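Accompanying notes for the structure given below.
We number each residue from 1, following the sequence as shown. The shown structure was predicted, so the numbers you read here are calculated from the model rather than taken from an experiment. Side chains included, hydrogens not; waters and symmetry mates left out as well; all remaining heavy atoms used.
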Amino acid sequence: MSRPLPLGQHLARVFKEAGLIVIIGVALFLCLAVWSYDSADPGWSHAGYQPNVSNMAGVAGAWLADLLVSFTGLAAWAIPVLLMWPALRFLLRRRVGMLDAVPYFMLRFSGAIVMLLGLTMLLSIHISNQTLNFPFTAGGLIGHALSDLSIAVLSVYGSTLLAWVMLLFGLTLFMEISWLALIDGVGKFLINIPSKLGEVKKVKLPSVSLPKVTMPKVSLPKKPAKTEEKVTPPSTQEKMRREPRLDSMVARVRQEPVLNTPSDDTDDFMALDTQDHELVSKPKSSYVNINEQTEQRRQLKIVPLSEAHQPLDDLDNLADEQSISTLTTKKPMQLPSLDLLDQPGVKEEQGYSEEQLEQMSRLLEAKLKDFGVIAEVVEVNPGPVITRFEIQPAPGVKASKISNLSKDLARSMTVSSVRVVEVIPGKSFVGVEIPNESRQIVHLSEVLTSKSFSEARSKLTLALGNDIAGNPVVTNLAKMPHLLVAGTTGSGKSVGVNAMLLSLLFKATPEEVRLILVDPKMLELSIYEGIPHLLTPVITDMKEAAGGLRWCVAEMERRYRLMAKMGVRNIAGYNDKVLQAEADGLPLKDPLWKAEDYGLPADEPPPALTTLPYIVVVIDEFADMMMMVGKKVEELIARIAQKARAAGIHLILATQRPSVDVITGLIKANVPTRIAFQVSSKIDSRTILDQSGAENLLGYGDMLYLPAGTSIPNRVHGAFVSDDEVHRTVEAWKQMGPPNYLDEIRSGGVEETGSFGGGSAGMFDDEQDELYDEAVAFVTESRKASISAVQRKLKIGYNRAARMIETMEAAGVVSTAGSNGQREVLAPPPPRD
């Protein structure tokens with residue numbers, strides 16, 4: 001019989017074995033809880049009551065697993081192993097007392113903490129959380145915080161290196177790994193592979209029926225193996241030879257006898273070390289080395305944009321519920337046929353092949369990596385004009401960093417421009433749009449013949465072009481309700497305006513829509529001269545343009561008074577009421593009629609009301625009008641934009657100079673819908689869209705369409721309209737009837753130019769100034785037509801003196817200012833007494 005142990009050693013053994021049972025139970029409970037984790041179970045990271053719990057450890061396991069996964073992410077799966085391994089090592093050291101085990105415990109605990117921190121950093125940097133669906137990141141809150149701090153200081157590569165150093169440092173402390181022994185064992189294993197293979201062949205052939213007898217190393221002449229040993233791999237045998245010597249050295253230092261158990265302990269430790277080394281090495285090869293990852297590329301999908309992109313037009317939105325009326329029942333004119341437009345030819349596939357898309361995907365990942373952005377191309381969407389590459393950036397990479405690399409990516413990939421889409425609705429990817437080698441031309445006829453345009457019931461339907469997937473883009477001007485178009489010269493702005501006007505001409509008759517066209521350049525819109533839709537001839541003088549806007553304000557106020565008398569809220573309700581009364585045989589009378597205003601007797605009956613058409617004001621070069629008239633036009637446009645929607649008056653403003661002095665804040669606030677063609681800089685793009693992106697467009701009709709009420713612009717390839725198509729359409733409308741112009745639009749506006757907009761010129765007549773005669777006498781006598789001279793002589797302000805000089809110019813007393821600013825006195829000097 002064995003000698004009984006002393007009481008102290010006996011109690012120590014009992015405590016060790018009991019602690020082993022507790023620790024194994026806790027570790028198994030953690031395994032059940034963490035390995036059956038479900039994000040839908042109740043937990044700390046989200047609120048809400050969930051009666052059904054799928055966790056194998058119950059409600060407590062669900063809360064515990066959610067806590068561990070929230071803080072450590074995927075590293076939570078290693079926590080049970082980290083908990084069980086020190087217990088096994090402690091129990092294997094049977095003669096180590098409780099107090100002697102404290103240094104080992106501190107060493108392993110510190111190593112486990114450092115290793116866990118490094119592992120969470122690696123997981124947070126290089127593993128996406130999209131498929132995992134964890135509460136935070138793949139590395140949890142701890143990994144997210146450490147990776148963000150490290151990337152900000154050391155970049156992605158430096159942070160990866162730091163995380164690996166922490167992981168291996170902690171692993172060395174935790175498992176007491178001898179890396180030299182590991183390398184030595186691997187080297188010997190690789191050297192002995194040829195001899196081992198030859199031995200296996202020699203022994204295996206004669207003893208096929210006894211496969212278990214062929215494995216022992218009995219035939220090696222140089223390295224005989226012990227017969228009582230178990231059949232183990234060569235690397236394990238080499239390690240078993242070295243470890244007793246190392247453990248004996250450690251035992252001598254501790255003045256303890258050498259135990260028989262370390263050999264088995266070393267086997268377990270080396271096997272687990274190899275598994276952990278493979279576990280932590282896997283993310284590095286999968287996420288850090290993009291070139292190796294792209295060699296396999298199992299997740300790359302090629303989906304055409306026509307399948308992956310949602311169409312921009314919405315038939316429900318095109319049929320504005322406020323603009324649907326029975327006005328369509330009264331059509332004295334027939335709409336022209338769409339055969340007047342050029343028909344599109346047969347389209348051929350002009351995009352990239354699958355091999356080219358694969359190569360471009362790899363090239364894009366490599367170039368992003370060169371600029372310090374780790375990302376993976378997960379889907380490719382080829383389209384008729386551009387191809388979109390959807391990339392998944394690594395955790396911690398901001399979309400703005402990729403956007404700032406657009407020009408560098410264009411240069412690296414040898415294309416004209418690259419546009420980065422930071423937000424793709426419904427997806428968590430970042431889009432990179434690259435132009436195709438040859439783009440398809442979008443003809444207006446294919447948009448106007450589409451189902452979206454033909455079924456739209458609104459008379460203010462505009463055809464813009466096709467989206468990136470080739471679907472027609474049709475919008476409703478009544479819902480905008482005003483539109484701002486901007487782009488540099490040659491970007492397709494004028495063609496886009498022509499496409500909008502032709503959309504109206506092919507959708508509405510003159511009784512339904514009337515136009516006021518302002519063309520400072522006298523070239524773009526003058527082609528529409530003479531069509532019956534015009535309220536006035538095409539305006540080319542900016543003073544007359546201001547008068548036309550002033551007439552629109554007066555018409556807006558008249559319509560509001562009329563609708564208030566009728567008890568309706570908008571022009572659609574007014575037209576419905578008028579037509580319904582005509583259908584019932586009881587036409588409505590004008591409630592605003594005043595016979596004396598027209599020089600008629602007071603008992604003259606008021607005329608019957610007729611339907612009111614929509615009025616669309618198109619200004620081709622808005623910057624020239626702002627330069628000529630200034631603040632007056634800005635205030636008029638602001639008034640129309642603020643109130644004219646219900647009255648059926650809408651604005652389309654176009655300019656090629658998108659600067660803040662042209663597109664002022666007051667105009668932008670009241671014109672929410674914008675279209676940006678290609679511009680030269682990010683500043684111009686921000687002026688139009690309040691964000692960058694328009695500087696990376698392709699030109700020739702490529703635009704960004706920003707609808708009202710959203711901040712995400714949609715890319716649209718504008719429809720092309722030739723001059724011949726416009727001429728044919730205009731001639732067809734001219735043959736249907738002459739225009740019915742309103743003379744008061746121009747005459748009334750010119751007469752009232754100085755009386756609106758807050759200018760001081762309309763407040764009083766300068767000839768009624770009490771000092772005007774004295775000023776004329778001074779100028780004619782001194783022969784000095786200078787504002788400063790009049791100001792000094794009469795001791796008045798500069799503005800008052802300038803008005804007097806301008807009044808003298810209008811009266812013919814002085815001439816206009818010359819190139820040097822000087823004026824000549826034309827009136828003779830006053831007679832002397």
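When V616, I615, L477 are each tested for a side chain to side chain contact (heavy atoms under 4.5 Å, CB included) with V513, only one passes: V616. When M703, R439, Q678 are each tested for a side chain to side chain contact (heavy atoms under 4.5 Å, CB included) with L698, only one passes: R439. Checking I688, I663, D624 one by one against T655, the side chain to side chain contact (heavy atoms under 4.5 Å, CB included) holds for a single residue, I663.
For T611 and N575, the side-chain atoms include no donor-acceptor pair closer than 3.5 Å. Neither side chain, T488 nor Q656, offers a donor N or O lying under 3.5 Å from an acceptor on the other. Side-chain contact of S403 with E422: a donor-acceptor pair under 3.5 Å is present, judged by distance alone. Under the 3.5 Å distance criterion, with hydrogens and angles disregarded, a donor-acceptor pair is assigned to the side chains of E725 and S722. In summary, the side chains of E634 and T664 do present a donor paired with an acceptor at a separation below 3.5 Å, with no hydrogens or angles considered. For the residue pair Y705 and T475, a side-chain donor N or O sits within less than 3.5 Å of a side-chain acceptor on the partner.
With respect to R715 and D702, a salt bridge is recorded, a charged nitrogen being found less than 4.0 Å from a carboxylate O. Using a 4.0 Å cut-off between charged side-chain N and carboxylate O, R657 and D684 make no salt bridge. The pair K643-E557 meets the salt-bridge criterion, since a charged nitrogen lies less than 4.0 angstrom from a carboxylate oxygen. At a threshold of 4.0 Å, the pair E555-R559 counts as salt-bridged, since one of the basic side-chain nitrogens sits closer than that to a carboxylate oxygen. Salt-bridge formation is not detected for the pair R728/D723: no Lys NZ or Arg NE/NH1/NH2 atom is positioned less than 4.0 Å from an Asp or Glu carboxylate oxygen.
Using a distance-only test at 3.5 Å, with no hydrogens or angles considered, no donor-acceptor pair links the side chain of K507 to the main chain of L462. Side-chain N or O atoms of R514 include none that pairs as donor or acceptor with a backbone N or O of P613 at under 3.5 Å. In this structure, the side chain of T461 engages the main chain of S458 through a donor-acceptor pair within 3.5 Å. Within the 3.5 Å criterion, the main-chain N or O of L586 finds no donor-acceptor partner in the side chain of D584. Within the 3.5 Å criterion, the main-chain N or O of L525 finds a donor-acceptor partner in the side chain of D519. Panel note: side chain T673, backbone M480; a donor-acceptor pair is recorded below 3.5 Å. Of the possible donor and acceptor atoms, none in the side chain of K682 sits under 3.5 Å from a partner among the backbone N and O of A694. Between the side chain of E512 and the backbone N or O of T509, at least one donor-acceptor pair lies under 3.5 Å. Side-chain N or O atoms of E529 include none that pairs as donor or acceptor with a backbone N or O of S526 at under 3.5 Å. Between the side chain of Q691 and the main chain of S711, a donor-acceptor pair closer than 3.5 Å is present.
Below 30°, between 30° and 60°, or above 60°: for H650 and H482 the angle between ring planes is between 30° and 60°, a tilted geometry.
The side-chain heavy atoms of I527 and H727, taken from C-beta on, include a pair separated by under 4.5 Å.
Stacking of K459 on the aromatic ring of Y614 is not recorded, the 6.0 Å distance cut-off and the 45° axial limit not both being met.
Sparse packing is recorded around NZ of K565, with 12 or fewer heavy atoms of other residues, nucleotides or ligands lying under 6.0 Å away.
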